[in-house]
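Per chain, numbering begins at 1; letters A, B, ... match sequence-line order.
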Amino acid sequence: MKRTKIAEILRTEPVNTEVCVKGWVKAFRNNQFMALNDGSCAQNLQVVVDFEHADPALIDRIKFGAAVGARGQLVESQGKGQKVELKAAELEIYGDCNPEEFPLQPKKQSLEFLRDIAHLRFRTNTFGALFRIRHALAFAIHKFFNDRGFCYLHTPIITASDAEGAGEMFRVTTLPLENIPRTETGEVDFGGDFFGRPTNLTVSGQLEAELGAMALGEVYTFGPTFRAENSNTTRHLAEFWMIEPEVAFADLNDNMDLAEAMLQEVIGYVLTHCAADLSILEERLIEEEKSKPQDQRSPMALTEKLRFVVDNRFERVTYTEAIEILKNSNPNKKGKFQFPIEGWGADLQSEHERYLVEKHFNKPVILTNYPAAIKAFYMRRDEAKDGVPGPTVSAMDILFPGIGEIVGGSQREERLDVLRQKMQDMHIPEEELYWYLDTRRFGSCPHAGFGLGFERLVLFVTGMGNIRDVIAFPRYPGSAEF
RNA sequence: GCCUCAUUAGCUCAGUUGGUUAGAGCGGCGGACUGUUAAUCCGUAGGUCCAAGGUUCAAGUCCUUGAUGAGGCGCCA
């Protein structure tokens with residue numbers, strides 16, 4: 001008999017029909033009540049076993065974690081806690097699960113322990129909910145761009161340019177590491193390497209996305225991204241997924257509008273489509289925060305926090321205005337900042353960003369028009385402005401409470417002469433990026449785009465604390481298990 | 001990479017000023033019960049106290065080094 005997914009059964013409640021379900025045992029109470037979960041939704045289906053007439057050897061194999069199939073009548077439940085249940089006429093054990101060896105237990109287990117058994121943590125309620133939400137977010141992002149006529153562009157994962165300036169890269173090579181070929185001058189001879197030149201894993205698809213936008217108009221990438229930085233934080237991964245839209249004939253304001261609309265729409269999608277999964281994570285968070293002192297608990301529950309982000313405009317502030325706010329802030333005056341605000345020009349530290357987002361504005365903040373000196377070469381130089389001490393670029397960073405920077409983007413420098421000058425100033429070799437400069441030579445136009453760290457978005461939406469817990473198999477310094 | 005903290009049963013943790021035989025809850029196992037909701041009740045087993053050195057009559061406890069983990073910072077998405 002064809003199996004029906006539990007999500008389908010709980011939605012349609014086909015009482016008094018015969019159904020077949022297959023899943024994993026979440027609990028077996030009273031020798032009689034099996035809670036079965038097949039991953040299609042957060043809820044379990046209660047399967048009632050006729051223990052008086054069933055084979056005791058079979059009953060004995062119904063253990064936490066076992067894979068089981070059940071066929072029988074779906075009936076209204078006699079007990080409280082569920083509307084319908086399955087009266088099992090036939091049971092089949094697909095895979096036994098020895099409780100003496102199975103690392104998971106039907107109880108709360110720490111996220112750190114579960115990270116060590118990441119191949120099994122999908123089986124927990126928390127990670128089941130989390131990965132369904134992660135999927136919904138990914139889908140909502142594609143839907144958002146598709147609805148607006150964007151073209152999904154697959155940019156290369158292996159790249160030969162190391163001039164992108166987005167951090168340390170992973171080298172890709174087929175050269176024998178135990179016997180590296182050298183040139184006469186002793187340098188590594190990449191002539192015999194697979195691509196005949198040094199190559200790396202991509203740190204960004206942006207430059208290639210710009211090429212696509214210069215013809216397709218509106219494109220976005222959504223792919224794996226790699227950074228070989230020795231970053232040990234709850235917000236960094238060596239392998240993560242990034243969304244990078246790029247829009248022709250768009251300026252910084254269009255860019256901000258797009259990013260804000262996208263974040264609000266995809267979070268809204270999860271609120272309407274993943275209510276049960278969200279409430280599992282919300283409960284988990286509330287439980288976890290019970291052990292924290294009152295003043296360290298979040299002021300809003302998870303769904304309330306998400307609703308707030310969806311319903312309120314993000315605060316848009318220039319870097320120059322932010323410096324003024326920070327300079328006059330209480331923590332700065334009282335010397336509470338580890339890095340005091342000296343004046344215009346320095347990059348903001350995370351304590352400053354946190355103050356702006358979590359204390360001063362208490363909502364997502366878009367910081368714009370940063371000093372040119374602390375931003376990438378491809379960002380568009382602004383016109384000089386009264387009250388702004390130095391040159392700035394049309395950059396924007398979106399800061400979220402608890403996460404920090406979730407989006408980084410800019411209007412791009414479309415003027416060939418200005419771009420070449422900046423590359424020269426920042427020692428970026430023109431010959432390596434001739435193809436990038438060609439877009440400015442032939443039919444250049446104003447355009448803008450941004451990068452969204454997908455795991456940071458998942459982190460925010462699920463309320464998890466560590467980015468290593470929102471990707472199935474995290475890669476970070478010293479860790480590439482599974 | 002830097003700073004702080006942690007590592008004791010399968011899991012989560014307690015362990016006093018260095019002092020006899022190392023404790024709990026949950027989980028496991030055995031049994032009872034049988035409309036339960038992380039079922040309940042009774043019983044029971046389970047330990048290289050992260051590793052290696054050191055101090056001491058005596059180390060889970062103090063010191064040194066290392067490993068692993070967590071949190072913070074930097075880099076950034």
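- Comparing the same atom, C1', in B/rC63 and in B/rU21 gives a spacing of 28 Å after rounding to whole Å.
- Annotation: B/rC50 and B/rC5 have their C1' atoms spaced 16 Å apart (nearest Å).
- In this structure, the side chain of A/Asn332 engages the main chain of A/Lys327 through a donor-acceptor pair within 3.5 Å.
- In this structure, the side chain of A/Glu208 does not engage the main chain of A/Pro156 through any donor-acceptor pair within 3.5 Å.
- Remark: B/rU4 base-pairs with B/rA70; criterion is Watson-Crick or G-U wobble with both hydrogen-bond distances under 3.5 Å.
- Among the nucleotides B/rG35, B/rC76, B/rC73, the one closest to the side chain of A/His236 is B/rC76.
- The distance between atom CD1 of A/Ile471 and atom P of B/rA77, rounded to the nearest whole Å, is 17 Å.
- Residue A/Gln105 is classed as a base contact, given a heavy-atom separation below 4.0 Å to a base.
- Within the shown strands, nothing qualifies as a pairing partner of B/rG18 under the Watson-Crick or G-U definition with both distances less than 3.5 Å.
- Proximity note for A/Ser231 (side chain, C-beta onward) versus B/rG72, B/rG74, B/rG1: the nearest is B/rG74.
- Side chain of A/Thr233, nearest nucleotide from B/rC29, B/rG35, B/rC75: B/rC75.
- Nearest nucleotide to the side chain of A/Lys107, out of B/rU37, B/rG10, B/rA39: B/rG10.
- At a threshold of 4.5 Å between non-hydrogen side-chain atoms, the residues A/Lys83 and A/Glu76 do not count as touching.
- As rounded to whole Å, 8 Å separates atom P of B/rA77 from atom CZ of A/Arg456.
- In this structure, B/rG28 forms a base pair with B/rU44, meeting either the Watson-Crick or the G-U wobble geometry with both donor-acceptor distances under 3.5 Å.
- Considering only side-chain atoms of A/Gln349, the nucleotide from B/rG35, B/rC73, B/rG27 that sits closest is B/rC73.
- For A/Met242, taking side-chain heavy atoms from C-beta onward, the closest of the listed nucleotides B/rA77, B/rG35, B/rG27 is B/rA77.
- At distances below 3.5 Å, not a single donor-acceptor pair connects side-chain atoms of A/Tyr370 with backbone N or O atoms of A/Thr392.
- The residue A/Thr234 sits close only to the backbone: its heavy atoms come under 4.0 Å of sugar-phosphate atoms, none of a base.
- Phosphate proximity of B/rG71 to A/Arg235: absent, as no side-chain N or O sits under 4.0 Å from OP1 or OP2.
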